[in-house]
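Below is one structure, written out as structure tokens; comments come after it.
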Amino acid sequence: MTDLKPHLIVIGNGMAGCRAVEEILARDASRYRITIFGAEPRVNYNRIMLSPLLAGDKSFDDIVINDLAWYADNAIELVAGDPVVAIDRRIRTVTARSGRTESYDKLILATGSDPFIIPVPGRDLDGVVTFRDMDDVGAMLRAADAGGDAVVIGGGLLGLEAAHGLALRGMKVTVLHIMPTLMERQLDEAAAWLLKSELERRGQTILTGADTAEIYGRGRVEGVRLKDGREIPAAIVVMAVGIRPNVKLARDAGLAIGRGVHVDDHLVSSDADILAVGECVEHQGQVYGLVAPLWDMCRALADGLVASPSGYIGSVTSTKLKVSGIDVFSAGDFSGGEGCEDIVLRDASRGVYKRVIVKGNRLIGAVLYGDTQDGNWYFDLLRKQHDVAEIRDALIFGQAFASGGTDANPNAAVAALPADAEICGCNGVSKGKVVAAIEGGACTLDAVRACTKASASCGSCTGLVEGLLAVTLGEAFEGERAAPTVCKCTSFTHEDVRRLILDKQLKAIPQVMQELHWTTPDGCSSCRPALNYYLLCAWPGEFIDDNQSRFVNERLHANIQKDGTYSVVPRMWGGVTNPTELRAIADVAEKYEARMLKVTGGQRLDIFGIKKEDLPAVWADLNAAGMVSGHAYAKALRTVKTCVGSEWCRFGTQDSTGLGIRIEQMTWGSFMPHKFKIAVSGCPRNCAEASIKDIGVICVESGYEISIGGNGGIKLRGTDFLYKVATEQEALDYCAAFIQLYREEARYLDRTAPWVERVGLDYIRERIVDDVAGREALRARFLYSQSFMQDDPWAKRAAGEDYKLHQHLAEIRPLVTA
Ligand SMILES: Cc1cc2nc3c(=O)[nH]c(=O)nc-3n(C[C@H](O)[C@H](O)[C@H](O)COP(=O)(O)OP(=O)(O)OC[C@H]3O[C@@H](n4cnc5c(N)ncnc54)[C@H](O)[C@@H]3O)c2cc1C
């Protein structure tokens with residue numbers, strides 16, 4: 001007897017196609033005769049679990065959702081391994097690759113997505129695979145059996161799961177990610193840094209900012225070449241750079257498509273008899289790449305077909321990374337912006353970072369690393385748009401703490417901790433112990449340190465101890481820190497931060513923020529440049545300058561002026577120039593229509609009125625004439641002003657111009673806490689105005705008088721005499737040692753004048769004059785740090801790619817490192 005039920009055909013035996021069928025069967029099992037066409041030659045399985053399968057945690061049987069019995073029990077005909085190649089809407093039929101043609105009453109498209117393949121040479125080589133289905137996993141497992149190197153292109157969720165699986169299977173894995181941070185669509189910089197560090201600790205190589213130029217190999221893949229020329233060997237290359245909705249059939253059939261198949265709220269396409277569901281769909285401008293929205297869609301589709309139509313209203317999604325031992329959760333919007341408030345918790349000893357983003361008393365985003373227990377709770381608050389005003393202060397501690405609500409006490413977070421919560425990881429001191437000490441009479445930070453040792457070692461829990469003092473003593477605790485904190489993102493002073501960077505060997509901005517409990521996710525415009533400087537100073541040659549932490553002038557090597565144009569100042573060593581340089585400057589001024597050429601107080605020429613878009617070309621022209629940036633905008637050496645000295649002047653006692661040039665060559669480009677100016681005068685008449693500079697050298701018959709800490713700016717200050725030396729070399733050595741002491745000990749944005757006043761001239765004399773070995777060590781560290789300038793991108797940008805630092809600095813590097 002013929003089955004008279006309407007025929008429902010589903011194209012796609014994947015997660016959405018089969019779930020849609022399940023939802024229909026649950027509502028009315030006898031409504032349709034059902035046929036499912038699947039391109040893959042197997043039953044319906046859980047695609048999400050391909051990652052654990054690759055990692056060896058699951059077998060295929062473990063990840064099957066519906067086995068053959070399910071199809072049989074529900075009278076579903078499965079046509080597996082035979083993809084549909086055409087839809088004829090006019091006569092309502094589908095035709096498969098085998099030639100089999102079936103007519104439908106209702107048709108559901110559930111064709112999922114295709115992995116995106118970046119169009120680079122070599123993408124078709126044997127050994128280049130994607131990560132979408134069982135066949136891909138099979139190819140990866142075969143490659144892993146042979147061992148060797150694997151490259152995964154793409155540091156998103158899928159790429160990292162592929163990398164994890166291949167690494168567990170014994171391959172040496174390199175992940176290439178084009179963006180500066182991993183999983184940038186789900187994680188902020190802080191969480192991404194923690195993730196990267198953990199993956200590197202596990203032995204993976206993670207290259208961010210890595211742009212693939214080609215995949216090379218003879219017949220089979222042998223490696224990947226990056227645009228910067230680096231080559232990474234590979235026996236297999238996995239491309240996991242994104243997906244595109246698979247709309248080919250729909251397009252060929254003339255359905256309305258955008259990025260995906262256009263559907264209405266009941267998942268009906270532009271043809272009333274054809275529905276679409278899953279990743280191939282575009283609903284209200286949205287396409288999805290996660291399963292949660294598919295479940296919502298499948299319910300709405302089944303409702304529309306067999307029950308009272310409820311309609312699909314779109315989905316909010318969350319993400320978890322399935323890499324064992326690494327807990328990552330992300331939901332909603334974490335980009336921040338106007339009206340958004342970040343609440344951040346960092347627990348460095350447990351490797352935990354939590355950030356929730358609140359706007360108008362609603363949670364709008366959450367990023368969790370290391371402790372994702374409360375992920376679902378945050379997600380629920382976010383989806384339901386709960387008012388979180390009542391629980392705002394305890395929100396970051398999770399559901400358990402937030403249940404009671406708190407007052408507006410800024411220390412509510414620490415107050416909400418249980419008594420056994422660890423406050424000081426270094427000494428294993430609990431909150432209960434600290435509170436008991438305070439209640440027992442330890443009313444200051446020092447007293448608590450003395451009683452409990454909390455905050456006495458690395459100091460990173462100082463903020464928490466102060467919070468407990470405030471909570472326990474109430475108004476009786478007034479706080480006690482005299483030194484300013486770096487900014488509102490931290491309770492640490494500049495000195496604390498510098499000390500902890502060295503003690504804890506912190507070598508990256510996100511690492512400092514994590515270890516020192518920064519209260520904001522990425523810092524602010526005050527702390528980022530400071531941290532960038534402190535790290536550059538602490539780890540010369542190791543820490544790579546973070547261009548994003550620099551002010552716009554420094555990034556562009558020019559000073560923005562009030563009309564929006566820029567002024568450009570090439571360096572003139574010791575204030576001396578020559579016809580070639582002057583010609584180059586004149587040419588630049590004419591070619592780029594500069595509006596003014598001005599001689600500056602620092603003895604060089606400022607080219608005014610340059611358009612922003614012309615700056616790279618201006619610098620290229622100046623570099624071609626051998627001129628480098630004068631850093632007229634930078635927290636670095638500005639100028640070394642000189643008078644003509646003994647070579648020309650009747651009163652000159654020494655070669656002040658020559659010495660100035662040599663000091664400038666030694667010092668230029670060095671990062672400093674603030675701008676730095678030097679002058680060398682050839683005699684006590686002091687024509688170079690050395691007595692109002694950061695370092696002033698005054699030449700006399702018997703040698704060189706070195707003074708420090710002067711300032712000719714808003715707060716006029718004459719220099720303090722430091723020491724008189726006999727030779728030019730000694731003058732250079734003292735300058736280098738003083739500069740390094742200032743670089744290592746002053747706060748970021750301290751000029752030398754207030755710094756000298758704060759630490760005292762006696763202290764500086766002790767360190768530079770009395771302590772001979774210490775002076776020599778400071779000088780050596782300065783020159784060592786300078787020797788990296790030729791490799792440093794900041795200096796390179798300023799100097800032009802081909803500029804080589806003076807030979808004597810390159811020579812000193814091995815001496816210092818030895
Ligand atoms: C390795 C991996 C890990 C993932 N992890 C997560 C995760 O942790 N969390 C999460 O939410 N999401 C995850 N996803 C995404 C999730 O798997 C997808 O969102 C989901 O599978 C999409 O379901 P779908 O039915 O739309 O597409 P699919 O599951 O891809 O199903 C589409 C099916 O249609 C078939 N097909 C295509 N064209 C035709 C044709 N012409 N004829 C017949 N059949 C055809 C395909 O072969 C495929 O079997 C992961 C995906 C992968 C690949």
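In listed order, ligands and their atoms are each counted from 1. All residue numbers refer to positions in the sequence shown, counting from 1.
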What protein heavy atom sits nearest [atom], and how far off is it?
atom                    : result
atom 30 (O) of ligand 1 : R132 NH2, 2.6 Å
atom 21 (O) of ligand 1 : M15 SD, 3.3 Å
atom 18 (C) of ligand 1 : E279 OE2, 2.9 Å
atom 3 (C) of ligand 1  : L158 CD1, 3.4 Å
atom 39 (C) of ligand 1 : T111 CG2, 3.9 Å
atom 44 (N) of ligand 1 : A39 N, 3.0 Å
atom 23 (O) of ligand 1 : L294 CD1, 3.1 Å

Next on the checklist: Before we go on, tell me: are the rings of H283 and Y312 under 6.0 Å apart, centre to centre?
Outcome noted: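 Yes, they do, as the ring centres are separated by less than 6.0 Å.
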Item to check | Min N/O separation A292 to ligand 1 under 3.5 Å | outcome: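 The answer is no, given that A292 and ligand 1 share no N or O pair closer than 3.5 Å.
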Item to check | Sub-3.5 Å N/O-N/O distance, L50 and ligand 1 | outcome: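 There is no such contact.
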Checklist entry - Mind checking what makes side-chain hydrogen bond (donor to acceptor under 3.5 Å, both in side chains) contact with S51, not counting sequence neighbours? => result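 Only E161 meet the side-chain hydrogen bond (donor to acceptor under 3.5 Å, both in side chains) criterion with S51.
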Checklist entry - For Y216, is the NZ or CZ atom of R225 found under 6.0 angstrom from the centre of its six-membered ring and inside 45 degrees of the ring axis? => result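 Flagged: R225 positioned over aromatic ring of Y216.
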Closer than 4.0 Å to some heavy atom of [X] - which atoms of ligand 1 meet that?
X    : value
P83  : 42 (N), 43 (C)
N246 : 37 (C), 38 (N)
E40  : 47 (O), 48 (C), 49 (O)

